[in-house]
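Working notes for the structure below.
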Amino acid sequence: IHPKASSIPTSSIFQTSIFNKNTHKKMALTSCSSTSFINKKERKNYRTHDDISSMICFAKMNTPSCNLKAKSSNQEVQFLNPNMEEKEKFHMFTSSTHSNNSSTKVPVFVMLPLDTISIGGKMNKPRAMNASLMALKSAGVEGVMVDCWWGLVEKDGPLKYNWEGYDELVKMVQANGLKLQVVMSFHQCGGNVGDSCSIPLPPWVLEEISKNPDLVYTDRSGRRNPEYISLGCDQLPVLRGRTPIQVYTDYMRSFRERFKNYLGDVIVEIQVGMGPCGELRYPSYPESNGTWRFPGIGEFQCYDKYMKASLAASADAMGNESWGRGGPHDSGQYNQFPEETGFFKKDGTWNSEYGQFFLEWYSRKLLEHGDNILALAEGIFKGTGCTLSGKVAGIHWHYNTRSHAAELTAGYYNTRNKDGYLPIARMFAKRGVVFNFTCMEMRDGEQPHSANCSPEGLVRQVKNATRDVGVELAGENALERYDGGGYAQVLNTSRADSGNGLSAFTYLRLNKRLFEPDNWRNLVEFVKNMSEGGNTRLPECDSSRTDLYVRFVKQSHAKKTAEVAVV
């Protein structure tokens, strides 16, 4: 992992060199790589954290001179938007005091690389992975998260499951004294922010899609998106005699049977994928082939024949057949701004009787899809000791406009006049599912002014919605962050002093950059502070990497991928 790793003796698994601060030398953390200093004749049994705890040491985290406590979200929003109309602040200042003690420990998990399991179903670079898990354990991390890709496990045909690589990972996680969050990933990997590899849907599913392209989401121009099966055919036997819901159910049941001895002990959480990127949403902002660019409003995904039939039926039931002939004709294109469209502009048709009908139908279909899958997951994993969770996207651009266009196209009926996250929170609460939300690390001031972003306002709204219905809230960072400022913002949002506090936080993601000395030091300090309830301070003086909104990530992603060798 470290550039000088090749000079480390082959007998070493980890070596940390710590120098006095006055020498101006940095701590160097090195771990093994399957291509560097591992002796091929070494025994195959991996050394665990307990085996080598005496061999690992970490630098003492000295308090930097620029310690600044994270600002109140309300204070920062008011400062950044001094001239905002009162009407536009509907969701931004609705916080109230939560009764929970804000000093509750918040466990930290770390996401594993997307390609932890290879196309062949084996674990990639197992020795390097084992070394990384040992390092995370020593840093105080609670556990790790991994995607269980549908496209890998059921690749060879319907009901033919290959869990071998995941079985090896579960045992390795257990040996290192860590916990595991598992994502039931029914979507493809590739084509979105942060996707560093390509894992399509199972070949036999793609074959069915080639025969019937309406099985996937479709936009107004007829562009098909193969990321995820359209919810319009959830209850139809379109996958070789099984419905998509049945396929997801069989998959989860197979997982339960294979790993029943680890559920509730090593495997502590099952996150149920319900859409692209594993999130409960429509694929309204696909980055593949340059279709969408931040901060475009996206497009409605309701033009496959199954979604069109559902819309027509709903319009007929309302007694207005003309409303069911398709989505809004004036909703614009992926990369437009709200005011450039008739539907999303300030006084647009989003707020008309027709607009309300369409948005209610579009968001209701998404809620029904999520509820159907979570109801079955609840039955499958009941009594196993595992927590169930579902993920909701943090779509923060155009949040400070009346229509919240980007949220609407993704299926969240959230506007100046309507809270779109309360219905999702209620559905999660009904199923006993943790509400997992992204963009916990973002600040309003880091976003481009023209995009009318407010990640802080959005997070605050979700914290209040989950508090009001009594559902647990967990968080993730949406984009890679290594700086003290990003961590400080997570600490701020983890507390319960403005809405619901976090029950857990999952950090994105384990890779080579995380083990760079400054980045590693920040992570260790962050984990320590989260374990103390998020009430201590983190440095905010590192502003060199805070300009991380989606457009920047898209432009630099190719270069970053080339530089970062995923563990």
Side-chain angles (χ1 to χ4, degrees), residues 48-50 58 61 70 98 100-112 132-147 169-170 172-183 262-272 278 381 384-392 428 432-441 459 462-463 466-467 471-478 481-482 486-497 499-510 514 520 522-536 538:
T48 68
H49 168 264
D50 292 334
F58 293 94
M61 299 301 152
H98 191 266
N100 288 351
N101 189 337
S102 63
S103 63
T104 304
K105 173 182 177 180
V106 181
V108 175
F109 293 76
V110 175
M111 294 186 201
L112 296 182
S132 298
L133 295 179
M134 287 189 286
L136 293 175
K137 176 66 176 179
S138 295
V141 166
E142 182 79 8
V144 292
M145 172 182 276
V146 69
D147 287 276
L169 176 66
V170 170
M172 186 182 289
V173 169
Q174 181 185 43
N176 281 285
L178 294 167
K179 303 300 182 182
L180 186 62
Q181 298 170 318
V182 176
V183 185
Y262 301 96
L263 297 177
D265 179 21
V266 181
I267 301 171
V268 295
E269 180 178 328
I270 305 294
Q271 187 174 110
V272 184
F381 293 105
T384 63
C386 280
T387 297
L388 285 182
S389 69
K391 188 175 177 182
V392 177
F428 279 23
V433 173
V434 174
F435 191 117
N436 190 288
F437 198 65
T438 63
C439 78
M440 292 289 177
E441 84 286 8
V459 167
V462 168
K463 289 180 71 173
T466 53
R467 176 207 58 199
V471 67
E472 283 190 35
L473 175 67
E476 298 178 3
N477 50 311
R481 291 290 291 266
Y482 306 96
Y487 286 128
Q489 183 63 13
V490 175
L491 284 169
N492 184 46
T493 58
S494 71
R495 295 192 291 265
D497 52 6
N500 209 0
L502 297 186
S503 61
F505 179 79
T506 303
Y507 174 80
L508 181 154
R509 156 179 332 268
L510 179 69
L514 182 60
W520 180 255
N522 283 341
L523 175 72
V524 173
E525 183 72 2
F526 168 70
V527 172
K528 177 178 180 292
N529 282 300
M530 291 290 271
S531 71
E532 296 172 353
N535 288 322
T536 51
L538 270 180

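Fair warning: this is a prediction, and the values are worked out from it, not measured in the lab. This chain uses plain numbering: 1 for the first residue, then up along the sequence.
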Sub-3.5 Å donor-acceptor pair from the side chain of N500 to the main-chain atoms of A496, do we have one? no
Side-chain contact test, heavy atoms from C-beta onward, threshold under 4.5 Å: evaluate it for L473 versus V462 and give yes or no.
-> yes
dist E441:CD -> Q489:CD (nearest 0.5 Å) comes out at 8.5 Å
*Side-chain heavy-atom pair F526, V108 within 4.5 angstrom cut-off*: yes
To the nearest 0.5 Å, atom OG of S132 lies from atom NZ of K137 at 15.5 Å
Note to self: Please tell me whether E269 and S389 have a donor and an acceptor in their side chains that are separated by less than 3.5 angstrom.
What the structure shows: yes
Quiz item: Ignoring hydrogens and geometry, is there a side-chain-to-backbone donor-acceptor pair from K105 to M530 under 3.5 Å?
Solution: no
Heavy-atom closest pair (A139 atom, W520 atom, distance to 0.1 Å) is CB-CZ2, 3.8 Å
Closest non-hydrogen atoms of V433 and G390, given as atom of the first, atom of the second and distance, are CG1-N, 3.3 Å
(message) If you define the side chain from C-beta out and look only at heavy atoms, does anything of V173 sit under 4.5 Å from V144?
(response) yes
Candidate pair L180 and V268, rule side chain to side chain contact (heavy atoms under 4.5 Å, CB included), full reasoning:
CA-CA 6 Å; L180 186 62; V268 295; over 6 Å; no
Requested in this report: Apply the test ring pair (Phe, Tyr, Trp, His ring centres under 6.0 Å) to residues Y487 and F505: give CA-CA distance (whole Å), side-chain angles for both, the deciding distance (0.1 Å), then the verdict.
Outcome: CA-CA 11 Å; Y487 286 128; F505 179 79; 8.2 Å; no
Original post:
Side-chain contact, heavy-atom cut-off 4.5 Å: N436 with Q271?
Top reply: yes
Distance col, row T506:OG1 vs L502:CG, nearest 0.5 angstrom, shows 10.0 Å
TODO: Give a yes or no answer on whether the side chain of R509 reaches the backbone of M111 with a donor-acceptor pair at less than 3.5 Å.
DONE: no
ask   = Do the non-hydrogen side-chain atoms of V141 and Y507 ever get within less than 4.5 Å of each other?
value = no
Heavy atoms of S494 and V106 approach each other most closely as CB-CG2, 4.5 Å
Sorted by chain and residue number, the side-chain hydrogen bond (donor to acceptor under 3.5 Å, both in side chains) partners of S503 (sequence neighbours excluded) come out as E472
Output for pair (Q181 CD, F109 CZ), nearest 0.5 Å, gives 4.5 Å
Rounding to 0.5 Å, atoms CD (Q174) and CD1 (I267) come to a distance of 9.5 Å
* To do: Verify side chain to side chain contact (heavy atoms under 4.5 Å, CB included) between L514 and L523, making sure each step is shown before the conclusion.
  => CA-CA 8 Å; L514 182 60; L523 175 72; 3.8 Å; yes
Could you check if a side-chain atom of E532 sits within less than 4.5 angstrom of a side-chain atom of K528, using non-hydrogen atoms only?
yes
| request: Decide yes or no on side chain to side chain contact (heavy atoms under 4.5 Å, CB included) for V146 and V183, but give the supporting numbers first. | output: CA-CA 6 Å; V146 69; V183 185; over 6 Å; no
Exercise for review: Give the intermediate values and the outcome of side chain to side chain contact (heavy atoms under 4.5 Å, CB included) for residues Y482 and N522.
Suggested key: CA-CA 7 Å; Y482 306 96; N522 283 341; 5.6 Å; no
By side-chain hydrogen bond (donor to acceptor under 3.5 Å, both in side chains), T438 pairs with (sequence neighbours left out) none
d(M440 CE, N477 CG) to nearest 0.5 Å is 10.5 Å
